[in-house]
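We count ligands from 1, going down the list as the structure has it; atoms in each ligand are counted the same way.
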Amino acid sequence: MSANIIAVINQKGGAGKTTLAMNLAAGLTQRGNTVVLDIDPQGSARQWASMGKGNFSTPVESMSETWDAQGLHQHYPAFRYIVLDCPPSLEKQATHQALQTCDIALIPVLPSPIDLWATLQLSQEIEEIKKTNPAMRAYLVINQLELNSALSAAMQDVLADFGIPVLNAMIRRRAAYRSAALEGVSVYQLGKRGMRAAEEIEAIINEVMPS
Ligand SMILES: Nc1ncnc2c1ncn2[C@@H]1O[C@H](COP(=O)(O)OP(=O)(O)OP(=O)(O)O)[C@@H](O)[C@H]1O
Ligand SMILES: [Mg+2]
């Protein structure tokens with residue numbers, strides 16, 4: 001069986017792509033062999049893993065700008081899940097290729113209208129990609145929701161404009177996500193400190209890939 005390819009995308013910077021990609025990969029590693037491909041020239045995923053001096057649960061590989069999207073399955077036959085951490089850009093060939101090749105696109109968004117407007121362009125791009133990659137499923141993932149608060153009705157209206165489904169599972173703003181990056185591990189490896197965060201990531205995995 002070929003690997004599931006999950007691309008984490010948003011042309012808006014700082015939406016939480018790397019945070020989601022790294023923790024998602026850690027959660028998927030408990031289900032099967034997983035690799036993170038860092039296709040962002042900023043190299044944040046590689047940097048994160050290097051902070052852990054080998055303790056990060058999942059291998060992270062840097063990809064050159066000319067990575068071979070078509071050849072992913074052949075290059076990584078041993079992996080069940082391939083997670084692509086994409087750059088904050090749509091124009092870059094890297095993101096386009098990631099969308100062309102992925103099974104699932106996860107789009108983290110901050111629960112602020114300004115951030116959402118900046119992401120709107122993505123829905124057109126996804127529609128376009130579906131012509132050549134019709135099996136791809138795309139979801140918005142709310143990130144950095146304030147603790148103990150719900151998504152406002154106004155935000156729900158803005159989200160409805162996207163035409164891309166929003167996952168019920170959301171990510172709250174938690175110190176654990178920052179600590180994990182600083183310590184070069186995933187929230188799963190933070191013990192009690194990361195428990196709530198790990199539960200959120202599990203809920204995302206179960207919603208997009210029910211087993
Ligand atoms: N749920 C969260 N709770 C707390 N901090 C968070 C959360 N999600 C992300 N952050 C922090 O927000 C910042 C931006 O996150 P991240 O680097 O994952 O975004 P990105 O979309 O990958 O950015 P870029 O577009 O530059 O690649 C980081 O400092 C990260 O630690
Ligand atoms: Mg990033």
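The closest protein non-hydrogen atom to atom 17 (O) of ligand 1 is T18 CB, 4.2 Å. In terms of protein heavy atoms, atom 30 (C) of ligand 1 is closest to T19 OG1, 3.8 Å. Taking atom 3 (N) of ligand 1 as the reference point, the nearest protein heavy-atom neighbour is R174 N, 3.1 Å. Among all protein heavy atoms, the one lying closest to atom 19 (O) of ligand 1 is G16 N, 3.0 Å. Scanning the protein for heavy atoms near atom 8 (N) of ligand 1, the closest one is N143 ND2, 3.0 Å. Protein heavy atom at the shortest distance from atom 23 (O) of ligand 1 is G14 N, 3.1 Å.
Distances between N or O atoms of A15 and those of ligand 1 include at least one value under 3.5 Å. Every N/O-N/O distance between S44 and ligand 1 stays at or above 3.5 Å. Remark: ligand 1 and P88 share no N or O pair separated by less than 3.5 Å (distance only, no angle test). Between K17 and ligand 1, at least one N/O pair is under 3.5 Å apart. Considering both main-chain and side-chain atoms, C86 never comes within under 3.5 Å of ligand 1 through any nitrogen or oxygen pair.
When the heavy atoms of Q42, E200, M170 are ranked by distance to atom 27 (O) of ligand 1, first place goes to Q42. In this comparison of K12, Q11, R178, the heavy atom closest to atom 29 (O) of ligand 1 sits on R178. Among R172, Q144, R173, the residue whose heavy atom lies closest to atom 11 (C) of ligand 1 is Q144.
Atoms of ligand 1 found under 4.0 Å from any heavy atom of D40, numbered from 1 in the order shown, are 27 (O). Those atoms of ligand 1 that come under 4.0 Å of a heavy atom in G13, given as number and element, are 25 (O).
For the side-chain contact (heavy atoms from CB on, under 4.5 Å) with K17, the lone residue among S44, P108, P87 that qualifies is P108. Under the side-chain contact (heavy atoms from CB on, under 4.5 Å) test applied with L167, the options I142, L140, I107, V208 reduce to a single match, V208.
In this structure, a donor-acceptor pair under 3.5 Å is present between the side chains of T29 and T58. Checked by atom type, the side-chain pair T119/N10 shows a donor-acceptor distance below 3.5 Å. In the model, D85 has a side-chain atom that pairs as donor or acceptor with a side-chain atom of T18 under 3.5 Å. A donor and an acceptor atom, one from each side chain of Y188 and E202, are located under 3.5 Å apart. In summary, the side chains of Q70 and D68 do not present any donor paired with an acceptor at a separation below 3.5 Å, with no hydrogens or angles considered. Side-chain polar atoms of Q100 and T132 form a donor-acceptor pair below 3.5 angstrom.
Not a single heavy atom of A181 sits under 4.0 Å from any atom of ligand 1.
With rounding to the nearest 0.5 Å, the separation of OH in Y76 from CD1 in I5 is 10.5 Å. Taking OG of S57 as the reference point, atom CD of Q189 lies at 4.5 Å (rounded to 0.5 Å).
Neither the backbone nor the side chain of D85 comes within contact range of ligand 1; no heavy atom lies under 4.0 Å. Contact annotation: for I171 versus ligand 1, heavy atoms closer than 4.0 Å belong to the side chain alone.
Residues R173 and L145 fail the side-chain proximity criterion, which asks for heavy atoms closer than 4.5 Å. Counting only heavy atoms from C-beta outward, the side chains of E183 and L190 approach each other to under 4.5 Å.
Distances from atom 13 (C) of ligand 1 to the protein include no heavy-atom value under 4.0 Å.
Residues Y81 and L106 fall within the same hydrophobic cluster, defined by Ile, Leu, Val, Met, Phe, Trp and Tyr side chains chained together at heavy-atom separations under 4.5 Å.
Not one N, O or S atom of Q42 sits under 2.8 Å from the Mg ion (ligand 2).
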